Amino acid sequence: MKILVCISHVPDTTSKINFTNDNTAFDSTGVQFVINPNDEFGLTRAMWFKEKQNATVDVVNVGGPETESTLRKALAIGADAAFRVNMAPTDGYAVAKELTKVAQDGHYDLIIAGRESIDYNGGMVPGMMATALGASFVNNCISLEIEGEKATAVREIDGGKETLTTMLPLVIGGQKGLVEESDLKIPNMRGIMMARKKPLTVLEPSENKTFTSSVHFEKPAPKGAIKMVDADNIDELIDLLHNEAKVI
């Protein structure tokens, strides 16, 4: 089985986010970047298939040279090879198109992507890939088993879970639950050394055309001051909730 894991290069959630050029561009100065958490769950599941079913696992990213450290981490975790499409990932459709081409050229049986990236939270790429590939698609996937050409997946739905069966090829949008957080792999020294010898192929984009652009970014408004009310002063609390907070 050949598996392709799509990797996004995203800011660590502890990073302080700012914007430049009159709030039209993201400022990466001093920001620590990591593997998108939803993608990391998928990569860890792919490693399980590699260990248990002798699958081959490749990783792919759309981005500039600055994203190669993230791909090298994926190689250190255990991926066999990496591809970087040399294009800024500013448009979900363009990213999906480039990833689809890599998937088609590699004839992969299973494509694992995160349900969304934690930077722009578009949540559109895996679904568009599945449509372009003519493959089955399971989003919000929290469990995946493969037996031969048959896949059994569980996804979260409103109020519960849904179990589905389908045939490969398959695209999933994975998330927390696909593996346990305790199962996430940390590269060891041997993996880091081996990653230096594994192939990281740079591909030029097939079109390099985007159809959307970010016009303006705006951070959430700062929280207002907190007013402390004595536990015995119910009248003051009701007055504040009614006249200031306007929730009653």
Side-chain angles (χ1 to χ4, degrees), residues 1-11 24-26 28 31 33-43 45-46 55-75 77 79-139 141 168-175 195 198-215:
M1 178 168 59
K2 292 187 67 177
I3 302 175
L4 180 67
V5 182
C6 304
I7 299 291
S8 292
H9 174 80
V10 300
T24 61
F26 174 69
S28 62
V31 175
F33 285 83
V34 297
I35 297 175
N36 181 49
N38 288 321
D39 301 341
E40 192 169 6
F41 289 120
L43 177 62
R45 191 59 180 162
T56 60
V57 178
D58 296 341
V59 293
V60 61
N61 163 264
V62 175
E66 70 280 357
T67 68
E68 291 190 4
S69 60
T70 297
L71 288 174
R72 287 292 179 192
K73 180 181 178 181
L75 291 172
I77 288 172
D80 299 299
F83 300 92
R84 177 175 69 83
V85 181
N86 190 28
M87 184 183 80
T90 56
D91 177 85
Y93 175 76
V95 169
K97 187 173 182 179
E98 298 303 327
L99 294 177
T100 297
K101 186 176 187 307
V102 175
Q104 288 173 329
D105 292 346
H107 303 287
Y108 292 94
D109 304 296
L110 174 64
I111 296 92
I112 300 177
R115 66 168 187 173
E116 64 183 1
S117 60
I118 64 168
D119 49 5
Y120 292 100
N121 299 97
M124 62 182 77
V125 169
M128 288 192 288
M129 288 182 67
T131 299
L133 291 166
S136 300
F137 175 51
V138 178
N139 203 20
C141 187
L168 301 178
L170 170 66
V171 179
I172 72 162
Q175 64 176 56
K198 293 179 180 179
L200 196 164
T201 305
V202 178
L203 306 171
E204 291 305 315
S206 60
E207 191 171 290
N208 203 10
K209 180 188 293 185
T210 59
F211 296 91
T212 60
S213 60
S214 298
V215 176

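Keep in mind that this is a model prediction, so the values were computed, not measured.
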Can you name the closest pair of heavy atoms from Met87 and Val62 and give their distance?
-> O-CG1, 3.4 Å
Will you find, in the side chains of His9 and Thr67, an N or O donor that is under 3.5 Å from an N or O acceptor?
-> no
Distance, nearest 0.5 Å, that separates CD1 of Ile3 from CG of Asp58 | 9.5 Å
For Val102 against Tyr108, the heavy-atom pair lying closest together | O-CE1, 3.7 Å
Kindly state each residue pair satisfying salt bridge (Lys or Arg N to Asp or Glu O under 4.0 Å) with at least one member in residues 108-137, sequence neighbours excluded.
-> none
With side chains defined as the heavy atoms from C-beta onward, is the minimum distance between Ile7 and Val5 less than 4.5 Å?
-> yes
List in chain and number order the residues that pass salt bridge (charged side-chain N to carboxylate O under 4.0 Å, His left out) with Lys198, two or more places apart in sequence or in another chain; answer none if no residue qualifies.
-> none
Taking C-beta and beyond as the side chain, do Pro37 and Val10 meet within less than 4.5 Å on heavy atoms?
-> yes
Short side-chain to backbone donor-acceptor contact, Asn38 and Gly173, under 3.5 Å = no
Taking side-chain contact (heavy atoms from CB on, under 4.5 Å) as the test, write out the residues that go with Ser28, two or more places apart.
-> Phe26, Phe33
Mind listing the closest non-hydrogen atom pair of Lys73 and Ile35 along with its distance?
-> CD-CD1, 3.9 Å
Value rounded to 0.5 Å, distance of CD in Glu40 from CD1 in Ile77 | 5.5 Å
Nearest atoms (heavy-atom pairs only) where Met128 meets Ala96 = CB-CB, 3.9 Å
In this structure, CG of Leu110 is separated from CE of Met1 (nearest 0.5 Å) by 6.0 Å
Point-to-point distance, once rounded to the nearest 0.5 Å, from CD1 of Ile111 to OG1 of Thr100 | 8.5 Å
Heavy-atom closest pair, residues Ile172 and Pro126 = O-CB, 4.3 Å
Thr90: partners by side-chain contact (heavy atoms from CB on, under 4.5 Å), with sequence neighbours left out = Ala88, Thr210
Can you list every salt bridge (Lys or Arg N to Asp or Glu O under 4.0 Å) pair that touches residues 79-93, not counting sequence neighbours?
-> Lys50-Asp80, Glu68-Arg84
Could you tell me the separation between the CG atom of Leu71 and the CG atom of Asn61, rounded to the nearest 0.5 Å?
-> 4.5 Å
Would you check if Val215 and Thr24 make a side-chain contact, meaning some heavy-atom pair closer than 4.5 Å?
-> no
May I ask you to check whether over 12 heavy atoms, not counting those of Lys2, lie within 6.0 Å of atom NZ?
-> yes
Would you check, one step at a time, whether the test side chain to side chain contact (heavy atoms under 4.5 Å, CB included) holds for Ile112 with Leu43?
-> CA-CA 8 Å; Ile112 300 177; Leu43 177 62; over 6 Å; no
Approximate separation, where rounding is to 0.5 Å, of Asn86 CG and Leu203 CG = 9.0 Å
Contacts of type ring-ring contact (aromatic ring centres under 6.0 Å, His included), residue Tyr93, not counting sequence neighbours | Phe211
Work out which heavy atom in Cys6 is nearest to a heavy atom in Asp39; give both atom names and the distance.
-> O-CG, 3.3 Å
